[in-house]
There are 2 protein chains.
Amino acid sequence: MSKEKHHHGDLREALITAGLDLLEAGGPAALTLRKCAALAGVSHAAPAHHFNGLVSLKAAIIARGFRIFARIMEQHRASAAPGPRAKLLAICQGYLAFSASHAALFRFMFQDFGDLKQQINDSVLNELEQESTHAYQVLREACAPFAPVGGHEHSTEVLVWSLVHGYATLFGGGKKPKTPSGPVPDFAQILPDFPLR
Amino acid sequence: MSKEKHHHGDLREALITAGLDLLEAGGPAALTLRKCAALAGVSHAAPAHHFNGLVSLKAAIIARGFRIFARIMEQHRASAAPGPRAKLLAICQGYLAFSASHAALFRFMFQDFGDLKQQINDSVLNELEQESTHAYQVLREACAPFAPVGGHEHSTEVLVWSLVHGYATLFGGGKKPKTPSGPVPDFAQILPDFPLR
DNA sequence: TTGTTAACTTGACACTGTCAAAATAGAGGA
DNA sequence: TCCTCTATTTTGACAGTGTCAAGTTAACAA
């Protein structure tokens, strides 16, 4: 039942954090089952008893990433000025802060999300769906005051999510982002003005 | 000078197209130097004389991807109704069409773009910069009529690029895209109305 | 203490990228 | 025609990867 027993204290957790470290240190190519095992101090085949192969470990790492992702957005929202516009902007800046502070993890999450979901039948899939949905809800709540009343109630959240995700993907990584034709404006300058519902 | 000589007609080209096929068939994990070589009918070490390792082949594949990308956007623009708004929307729909018809390539391009650029010192880097810049120019031209006159002249193109890229990444892949809370509206419904300059 | 089961190790296999050395084909000059 | 000579390709090897099978060890229950 409890995970604190046997040789290693909590190998499953150690493998996930080892994977996060490897990912941030050396990119996706450095995320290796054997390196995770070595970093956790166990033999190369030990992870097989906690994860259904490499893809399951990757899925667990992505799920952990979504948890960190949601936490950072919530922290930004907590320290925002009052008002729906300020809260929405804070959430977006949390989004961008995560994509910058966890650049490799951020790209890894959205790159392999779709591919991985079809390769795992674990309980990991459940955890992954849960964490990613929660992260989306954080952004969705911030968009709710701006949802249009007519037919397309999701259009604002889809717009904001697409906008901030594209911005993070294309320009968020580098310290001084630029297009081929010039510097990139701040995100606050491209976020449209939405009418309150 | 010409590439049509020696054993294989044009091995470099054959390796790139083999890589494109493998990528679309089996995802990024299936893109392998040895498989590319086998698909081109040469031995496993033959690619070394045309590409400075696997990363260079990947960079060449991405460069080719940007060329296809730009071509598809230009085709959509050519068959668009007159008027700057229709042309901009057509470019975006070309963007989305590419991300759907070349899903694996699209994700591969923007995932490894940044990582790869720091690992190649080839002439491939030149080709990659050139093709990607050209693709960006296509989108930039379509945004030009809507560029604001004040200080932030790039804000519209950055907005549109972020928006369409995020939309393609998050919702473009699946046939019936949906958020955790409902169906996704068409892109035309979330593209804001920009004032003409 | 004994037995049982989960956790882990050891060893092996096919596959990967990369390197060194050998072999081969094509072109240009005698 | 023959003969270099260089670019291209092949063969062979190496370390590293994920995964499987079998053996070993540790923790706990009876």
Side-chain angles (χ1 to χ4, degrees), chain A residues 1-16 18-19 21-23 25-62 108 112 115-116 118-124, chain B residues 1-16 18-19 21-23 25-62 108 112 115-116 118-124:
Chain A
M1 169 85 65
S2 77
K3 294 192 173 68
E4 291 80 12
K5 58 179 179 178
H6 281 303
H7 307 162
H8 195 286
D10 190 349
L11 183 54
R12 186 189 152 94
E13 186 65 23
L15 289 169
I16 292 176
D21 291 346
L22 287 169
L23 190 58
L31 178 51
T32 283
L33 252 187
R34 290 172 111 104
K35 283 185 191 152
C36 287
L39 216 70
V42 294
S43 79
H44 66 265
H49 281 259
H50 294 274
F51 297 101
N52 184 14
L54 177 63
V55 288
S56 285
L57 173 57
K58 285 181 175 177
I61 290 171
I62 292 178
F108 186 66
D112 297 336
D115 296 339
L116 255 52
Q118 299 168 345
Q119 299 184 40
I120 53 174
N121 47 2
D122 252 338
S123 66
V124 171
Chain B
M1 170 78 70
S2 78
K3 293 192 173 69
E4 291 81 11
K5 57 178 179 179
H6 281 305
H7 308 161
H8 196 285
D10 190 348
L11 183 53
R12 186 190 153 93
E13 187 65 22
L15 290 169
I16 292 177
D21 291 346
L22 287 169
L23 190 58
L31 179 51
T32 285
L33 253 186
R34 289 171 111 105
K35 284 184 190 153
C36 287
L39 217 70
V42 295
S43 78
H44 65 265
H49 280 261
H50 295 273
F51 297 101
N52 183 16
L54 178 62
V55 288
S56 286
L57 174 57
K58 285 181 174 176
I61 289 172
I62 292 177
F108 186 66
D112 298 335
D115 296 339
L116 255 51
Q118 298 167 346
Q119 299 183 41
I120 53 173
N121 48 1
D122 251 339
S123 66
V124 171

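Labels below follow one simple rule: chain letters A, B, ... track the order of the sequence lines, proteins then strands, and each chain is numbered from 1.
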Looking only at heavy atoms, what is the nearest atom pair of [X] and [Y], with distance?
{"X": "Pro28(A)", "Y": "Asp115(B)", "result": "CD-OD2, 4.1 Å"}
{"X": "Ala40(B)", "Y": "Leu15(B)", "result": "CB-CD2, 4.1 Å"}
{"X": "Leu33(A)", "Y": "Gly53(A)", "result": "CD1-C, 4.4 Å"}

Self-check item: All side chain to side chain contact (heavy atoms under 4.5 Å, CB included) counterparts of His50(B), not counting sequence neighbours
Solution: Leu11(B), Arg12(B)
Nearest-Å distance, [atom1] ([X]) to [atom2] ([N])?
{"X": "Leu11(B)", "N": "dT9(D)", "atom1": "CG", "atom2": "C1'", "value": "9 Å"}
{"X": "Leu57(B)", "N": "dT18(C)", "atom1": "CG", "atom2": "P", "value": "10 Å"}
{"X": "Leu54(B)", "N": "dC19(C)", "atom1": "CG", "atom2": "P", "value": "12 Å"}
{"X": "Arg34(A)", "N": "dT16(C)", "atom1": "CZ", "atom2": "P", "value": "16 Å"}
{"X": "Glu13(B)", "N": "dT8(D)", "atom1": "CD", "atom2": "C1'", "value": "18 Å"}
{"X": "Leu31(A)", "N": "dG16(D)", "atom1": "CG", "atom2": "P", "value": "18 Å"}
{"X": "Leu15(A)", "N": "dG18(D)", "atom1": "CG", "atom2": "C1'", "value": "14 Å"}

Practice problem: Name every residue in residues 43-51 of chain B that has at least one heavy atom under 4.0 Å from any atom of DNA chain C, in order of residue number, or write none if there are no such residues. | Solution: His44(B), Ala45(B)
Quiz item: From Thr32(A) OG1 over to Leu57(A) CG, what is the distance, rounded to the nearest 0.5 angstrom?
Solution: 10.0 Å
Quiz prompt | Min side-chain heavy-atom separation Phe51(A)-Ile16(A) under 4.5 Å | solution = yes
Practice problem: Respond yes when some side-chain nitrogen or oxygen of Lys35(A) is under 4.0 Å from OP1 or OP2 of dG16(D), and no when none is. | Solution: no
